[in-house]
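Right, one structure below, let's go through it.
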Number of protein chains: 2
Amino acid sequence: MELDERKMTILRAIIQNYLETGEPVGSRTISKYTDLNLSSATIRNEMSDLEEMGYIIQPHTSAGRIPSDKGYRLYVDMLMADKQNEMESLKLQLNAKSERLDSILKEAAKVIAVNTNYASMITAPRYHRHRIKFLQLTQVDPDSLLTVVILEGNIVKNNLIHVDEELSKETMLKLNLMLNTFLQGLDLAEINASVMQKMRNEAGVYSALISDILDVIATSLESEEVEAYTSGSTNIFKYPELNDSAKASTLLSALEEKKELTDLMYQEGDSDRGIQVYIGDESPIEATKDCSVVTATYHIEEGVYGKIGIIGPRRMDYEKVVGTLRNLMEELDSIFRKDK
Amino acid sequence: MELDERKMTILRAIIQNYLETGEPVGSRTISKYTDLNLSSATIRNEMSDLEEMGYIIQPHTSAGRIPSDKGYRLYVDMLMADKQNEMESLKLQLNAKSERLDSILKEAAKVIAVNTNYASMITAPRYHRHRIKFLQLTQVDPDSLLTVVILEGNIVKNNLIHVDEELSKETMLKLNLMLNTFLQGLDLAEINASVMQKMRNEAGVYSALISDILDVIATSLESEEVEAYTSGSTNIFKYPELNDSAKASTLLSALEEKKELTDLMYQEGDSDRGIQVYIGDESPIEATKDCSVVTATYHIEEGVYGKIGIIGPRRMDYEKVVGTLRNLMEELDSIFRKDK
DNA sequence: TATTAGCACTCAGTAATACCGAGTGCTAAC
DNA sequence: GTTAGCACTCGGTATTACTGAGTGCTAATA
């Protein structure tokens with residue numbers, strides 16, 4: 001059977017109607033809803049075909065139809081194909097100049113959640129692709145050193161290290177010089193055994209200290225846990241199909257734990273620029289089998305990026321969501337460009 | 001009417017039973033449950049008295065009794081009075097030495113949530129009481145300076161400042177010296193106009209820069225938003241009395257927003273060492289009117305402390321919760337002592 | 001051949017009803 | 001002061017009937 005023009009129109013009408021109401025839609029509704037001027041009986045025949053083709057589902061014998069995952073997929077693909085779905089620009093209520101990364105991200109998550117009425121999540125840019133731009137070791141106390149690492153993209157990380165003896169000014173200068181000479185411009189992955197060995201040799205008496213320092217730097221950069229912020233998680237209560245305690249609970253757990261969701265967001269083509277949509281069972285993680293998840297990527301600079309995700313019911317307003325995400329991506333891109 | 005020994009015993013029995021089951025408890029249950037050897041009829045008479053006195057409530061004519069807020073309050077006060085409710089020590093699964101403040105806190109919140117089966121929340125220690133221990137300004141780029149502020153308690157804050165021109169080594173040394181001379185040992189509140197004016201005078205050509213720096217330091221320290229971490233928020237679904245979407249939603253919103261809850265935790269006697277219990281309507285905030293909230297204080301050092309809160313149903317296992325909190329407080333205290 | 005009107009049928013949701021049982025208050029007896 | 005007994009209350013559940021939205025199919029129509 002072929003999916004001709006008319007069937008497409010009817011399918012789209014069914015989906016759009018269902019997106020609005022969340023109720024199964026019947027033939028009579030479609031007959032009035034569209035400008036096809038067809039009777040409900042004709043629509044019924046077509047719907048019967050569409051069901052056979054797997055695009056729609058009848059929850060029970062005497063009910064209307066709802067879109068299947070396959071139906072949503074077709075709909076979303078059509079949406080994504082016609083690129084001109086521009087939305088009115090949403091303004092982030094943040095003045096980026098003095099704000100810090102984390103508050104920008106929190107704000108962005110909130111804006112998304114409020115705008116779409118779904119739950120949102122945003123991850124901080126991943127660090128392990130960053131190169132080290134600048135290192136600094138400072139004596140704070142007689143028994144503690146402060147290490148500051150600045151990465152490209154101006155991400156600052158710091159740590160305190162305990163030492164047994166106070167170090168002289170000259171030693172500090174020497175260590176600082178050495179750290180910068182050896183490590184500047186390197187990626188975490190590039191700090192391998194041979195670099196570390198060279199540094200330890202150079203450090204002489206302080207080779208143990210250097211080991212400690214490298215250790216701390218490594219763990220602080222590695223920090224496998226991606227920082228992530230969520231917002232609007234209670235929005236899920238707005239959708240009756242998610243609003244039962246079992247579903248809500250697993251979903252909220254996932255939003256609280258974050259780990260699984262960040263994995264999902266980062267999973268495909270790491271440097272992907274596009275927008276990814278997971279509809280229901282398409283999602284590889286259990287917690288969102290009853291939802292749809294839309295993810296997008298924002299860029300801070302070359303090779304450094306974070307992800308934004310929206311989690312809502314299957315009957316998500318994909319058009320709006322995709323528009324909003326496109327928008328926010330640009331907004332964030334420009335904020336970070338300016339900031340640089 | 002007097003609250004004699006027997007009435008107390010019966011009240012306690014009612015409360016304990018209700019804590020376990022969550023169902024109204026009847027006279028027959030109590031008659032068997034206690035070792036008073038009284039018939040259900042006698043218990044009924046006593047219950048009738050207890051109701052008149054306001055300690056218990058009958059949800060409807062033909063139901064058993066449940067504790068009123070006043071009843072809980074009496075029970076909790078009795079609990080708190082006998083100090084010897086020590087719990088087995090709960091071990092935090094964290095090796096504090098290389099861990100950073102935020103992961104310790106997150107872990108603590110999680111431990112609490114898992115141990116108690118309620119939702120938990122923990123705030124980072126408040127900064128504005130901190131004295132500045134050490135300041136450092138570093139040129140990172142030709143056009144950006146890094147400021148690092150270390151506060152007593154070894155809390156590190158940093159920020160990048162944009163500058164128009166590269167500064168000479170000597171200038172940097174001078175500025176650093178000056179910042180430390182003027183600001184070391186000061187509280188944020190003590191950095192007043194007169195100190196700032198003196199510094200600007202001293203700074204000469206760089207007075208504008210100094211203003212900028214002070215500004216950034218101030219806003220970064222001030223950061224009115226207290227950092228807070230929650231855990232186990234989905235535990236609330238375990239209690240039928242909270243498990244309806246309206247209640248769950250407001251509660252989860254509060255846990256997500258955090259602001260209101262941190263206010264609650266910090267509200268009474270700021271330096272209070274004790275444990276505070278808000279039962280139902282006793283709570284000043286709307287979101288927790290159907291819950292009980294127990295808060296405690298942990299200390300990092302002199303005058304610097306954070307809060308831990310547990311949010312659960314009215315029929316919370318107060319004994320366990322108070323024990324767990326006492327325990328965690330000590331655990332945290334010792335971790336931070338050691339760390340110092 | 002495609003469309004439509006008409007009709008019998010299905011089935012979730014809701015309202016009405018009856019029933020059960022846990023629990024009470026009260027009275028009279030111990 | 002305590003207890004046994006009994007009538008009464010009332011939330012919860014199961015049963016039943018009813019309603020209405022929606023379908024599939026058939027026969028008539030353009």
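Residue numbers begin at 1 in each chain, while the letters A, B, ... track the order of the sequences. From a predicted model like this one, the values you see are computed outputs, not experimental measurements.
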With side chains defined as the heavy atoms from C-beta onward, is the minimum distance between [X] and [Y] less than 4.5 Å?
X: B/T250; Y: A/F237; result: no
X: A/T295; Y: A/Y266; result: no
X: B/I308; Y: B/L325; result: yes

Mind calculating the distance between [atom1] ([X]) and [atom2] ([N]) to the nearest angstrom?
X: B/E46; N: D/dT2; atom1: CD; atom2: P; result: 7 Å
X: A/I57; N: D/dG22; atom1: CD1; atom2: P; result: 18 Å
X: A/N45; N: D/dA27; atom1: CG; atom2: P; result: 15 Å
X: A/E23; N: D/dG22; atom1: CD; atom2: P; result: 9 Å
X: A/N37; N: D/dA30; atom1: CG; atom2: P; result: 17 Å
X: B/R65; N: D/dG11; atom1: CZ; atom2: C1'; result: 16 Å
X: B/K7; N: D/dG1; atom1: NZ; atom2: P; result: 11 Å
X: A/H60; N: D/dG22; atom1: NE2; atom2: P; result: 10 Å

[X] near the nucleic acid: base, sugar-phosphate alone, or nothing, with a heavy-atom cut-off under 4.0 Å?
X: A/S48; answer: nothing
X: A/A41; answer: base
X: B/S40; answer: nothing
X: B/T61; answer: sugar-phosphate

Checklist entry - How are the rings of B/Y318 and B/Y75 set relative to one another: parallel (under 30°), tilted (30 to 60°) or perpendicular (over 60°)? => result perpendicular

Item to check | Nearest-0.5 Å distance, CD1 of residue B/I279 to CG of residue B/L74 | outcome: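 Rounded to the nearest 0.5 Å, the CD1-CG separation comes to 9.5 Å.
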
Item to check | Value rounded to 0.5 Å, distance of CD1 in A/I310 from CD1 in A/I112 | outcome: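 Spacing of CD1 (A/I310) from CD1 (A/I112) equals 4.5 Å.
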
Item to check | First-last contacting nucleotides on DNA chain C - partner chain A, under 4.0 angstrom, heavy atom | outcome: C/dT3 to C/dA12

Next on the checklist: My understanding is that only one of B/K247, B/R315, B/R314 makes a side-chain hydrogen bond (donor to acceptor under 3.5 Å, both in side chains) with B/E241; could you say which?
Outcome noted: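 Of the listed options, the one satisfying the test is B/R315.
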
Next on the checklist: Does a side-chain N or O of B/R44 approach OP1 or OP2 of D/dA4 to a distance below 4.0 Å, or not?
Outcome noted: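 For D/dA4, neither OP1 nor OP2 has a side-chain N or O of B/R44 closer than 4.0 Å.
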
Item to check | Along DNA chain D (nearest heavy atom to each residue), the more 5'-positioned of B/T42 and B/S62 | outcome: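 It is B/T42 whose nearest nucleotide is closer to the 5' end.
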
